[in-house]
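Model, not experiment: these values are computed from the prediction. Each chain gets a letter, A, B and so on, in the order the sequences are listed, and its residues count up from 1.
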Number of protein chains: 2
Amino acid sequence: MAKTIPDGKNELEPLMKLIGILSTPWTMLLLHRLHLEGPKRFGELKRRLGAISTKTLTERLRMLEGEGWLNRHYEPTVPPQVTYSITDKVMELDGVLTELVQIAEQWYGKKTKKGKK
Amino acid sequence: MAKTIPDGKNELEPLMKLIGILSTPWTMLLLHRLHLEGPKRFGELKRRLGAISTKTLTERLRMLEGEGWLNRHYEPTVPPQVTYSITDKVMELDGVLTELVQIAEQWYGKKTKKGKK
DNA sequence: CAGCATCCAAGGTGATACTG
DNA sequence: CAGTATCACCTTGGATGCTG
């Protein structure tokens, strides 16, 4: 989570929590992958994300699972297979995320070929 | 910003940036205050936010001003008066934020009087 | 394969003191 | 009043090495 989010006695607490989760490094990429590519195994996920460390990936996965954002399916084969997929809950964010993506694209995207960067 | 946001070669870059700004500690509270209480001076803002340090408040203010989210009005009186207010740009986020707040409230709020905490 | 345990470096924040 | 400058601390992610 974006760690030090003070708050505490404010009505924005829930929002802070949501934003906090969404903004934790790798989380968006993770959900994004799982969303448009379907269930994936640990190794596959790690490769697809690139530079993430097993430690961080594990933390994110556990955290999101705990929050009910991901499902963890363990297949006790040899070697073991663990597959992750997003829950229906996360789909509720689809609309808002789409809007956010649009605004983000509008503000920071360089689609207008006039990219500043 | 939620600091280490890797990305780099991904189409979610703009979103990451937006989320990153929104999730930077104190930013939401800051925008929230300015949004429903109107323009405010540095000191007032600091008092209203509670535990924020002058250093952090200054950083946030400068950052948001640089992003075009806030207006900084300097009045060279003695003592000097500096007033901050949100820009129209930020108002574009109003809708999405409202939605996000709803979902957040639904997922993490304890409005159902059955609050877990 | 999927993860856990360690060590360590880096960035961010709070506290404090000082200035135009 | 509105910052700026320092410093010390704490959280967090990366790199490694090891295991069922």
Side-chain angles (χ1 to χ4, degrees), chain A residues 1-8 10 16-17 19-30 33-34 39-67 70-85, chain B residues 1-8 10 16-17 19-30 33-34 39-67 70-85:
Chain A
M1 184 178 296
K3 55 176 176 185
T4 323
I5 289 183
D7 200 72
N10 183 301
M16 300 301 272
K17 162 119 184 179
I19 290 285
I21 295 174
L22 285 176
S23 67
T24 303
W26 301 105
T27 298
M28 297 289 303
L29 289 312
L30 210 49
R33 287 280 175 231
L34 259 20
K40 278 197 161 32
R41 295 175 55 188
F42 189 92
E44 168 92 14
L45 226 29
K46 187 173 189 311
R47 278 192 294 284
R48 303 284 287 168
L49 291 175
I52 194 172
S53 64
T54 67
K55 178 191 172 186
T56 303
L57 178 54
T58 299
E59 286 182 1
R60 282 309 102 79
L61 256 16
R62 292 268 180 292
M63 185 260 261
L64 292 173
E65 189 197 346
E67 295 294 339
L70 297 183
N71 294 306
R72 180 173 187 274
H73 180 66
Y74 179 75
E75 204 61 56
T77 55
V78 179
Q81 287 190 31
V82 181
T83 307
Y84 293 89
S85 56
Chain B
M1 185 177 297
K3 52 178 177 181
T4 324
I5 288 184
D7 200 69
N10 183 301
M16 300 301 272
K17 162 118 184 179
I19 291 284
I21 295 174
L22 285 176
S23 68
T24 304
W26 300 107
T27 297
M28 297 289 305
L29 289 313
L30 210 49
R33 286 280 176 233
L34 259 19
K40 278 198 159 32
R41 295 174 56 187
F42 189 91
E44 168 91 12
L45 226 28
K46 187 174 189 313
R47 278 191 295 284
R48 303 285 287 167
L49 291 176
I52 194 172
S53 63
T54 66
K55 178 191 172 188
T56 302
L57 178 54
T58 299
E59 287 182 1
R60 280 310 100 80
L61 256 16
R62 292 269 181 291
M63 186 261 262
L64 292 173
E65 188 196 347
E67 295 293 339
L70 297 184
N71 293 307
R72 178 173 187 274
H73 181 67
Y74 179 75
E75 205 60 55
T77 55
V78 179
Q81 286 189 32
V82 181
T83 307
Y84 294 91
S85 57

- Query: Mind checking what makes side-chain contact (heavy atoms from CB on, under 4.5 Å) contact with A/Arg62, not counting sequence neighbours?
  - Reply: A/Thr58, A/Glu65, A/Arg72, A/Tyr84
- Determine yes or no for a side-chain-to-main-chain donor-acceptor pair under 3.5 angstrom, with B/Ser53 supplying the side chain and B/Thr56 the backbone. yes
- Listed by chain and number, what are the side-chain contact (heavy atoms from CB on, under 4.5 Å) partners of B/Pro80, not counting sequence neighbours? B/Tyr74
- Task: Using atom CD1 of B/Ile52 as one end and atom P of C/dA15 as the other, report the distance to the nearest whole Å.
- Result: 11 Å
- Looking at five pairs on each end of the helix from C/dC1-D/dG20 to C/dG20-D/dC1, what is the angle between the two axes, given to 10 degrees? 50°
For nucleotides 1-5 of chain D, give me every protein contact, N/O to N/O, under 3.5 Å, one pair per line with atom names.
residue : atom : partner : partner atom : Å
D/dC1   : O3'  : B/Arg41 : NH2          : 2.9
D/dC1   : O3'  : B/Pro80 : O            : 3.3
D/dA2   : OP1  : B/Arg41 : NE           : 2.9
D/dA2   : OP1  : B/Arg41 : NH2          : 3.1
D/dA2   : OP1  : B/Val82 : N            : 3.3
D/dA2   : OP2  : B/Gly43 : N            : 2.9
D/dG3   : OP1  : B/Arg62 : NH2          : 3.2
D/dG3   : OP1  : B/Arg72 : NH2          : 2.4
D/dG3   : OP2  : B/Tyr84 : OH           : 2.6
D/dG3   : O3'  : B/Arg62 : NH2          : 3.4
D/dT4   : OP1  : B/Arg62 : NH2          : 3.4
D/dT4   : O4   : B/Thr54 : OG1          : 3.1

- Query: Taking only residues two or more places apart in sequence or in another chain, which ones pass side-chain contact (heavy atoms from CB on, under 4.5 Å) with A/Arg47?
  - Reply: A/Glu44
- Message: Nearest whole Å is fine: how far is D/dG13 P from A/Leu30 CG?
- Response: 13 Å
- Student check: side-chain heavy atoms of A/Gln81 and A/Pro76 closer than 4.5 Å: no
- Task: With the side chain counted from C-beta on, respond yes when B/Leu30 and B/Leu61 share a heavy-atom pair under 4.5 Å apart, and no when they do not.
- Result: yes
- When the distance from CG of B/Leu49 to P of C/dT13 is rounded to whole Å, what number comes out? 14 Å
- Item | Rounded distance in Å - CG (A/Leu45) to P (C/dC1) | 14 Å
- Working to the nearest 0.5 Å, report the span between CG of A/Leu49 and NZ of A/Lys40. 10.0 Å
- Starting from P on C/dA2, measure out to CZ on A/Arg48 and report it in whole angstrom. 15 Å
- Query: Using a cut-off of less than 4.0 Å, is there contact between a side-chain N or O of B/Thr56 and OP1 or OP2 of C/dG14?
  - Reply: yes
- Note on the structure: Looking only at heavy atoms, the pair that brings B/Leu34 and B/Ser85 closest together is CG-CA, 4.2 Å
- Item | Phosphate contact (D/dG14 OP1 or OP2) by A/Trp26 side-chain N/O below 4.0 Å | yes
- Query: Whole-Å distance between D/dT16 P and A/Leu57 CG?
  - Reply: 18 Å
- Separation of atom NZ in B/Lys46 from atom C1' in C/dT13, rounded to whole Å: 13 Å
- Note on the structure: B/Glu59 CD to C/dG12 P, in whole Å, measures 8 Å
- Message: My understanding is that only residues two or more places apart in sequence, or in another chain, count here; which of them pass side-chain contact (heavy atoms from CB on, under 4.5 Å) with B/Glu67?
- Response: A/Tyr108, B/Lys17, B/Ile21, B/Met63, B/Trp69
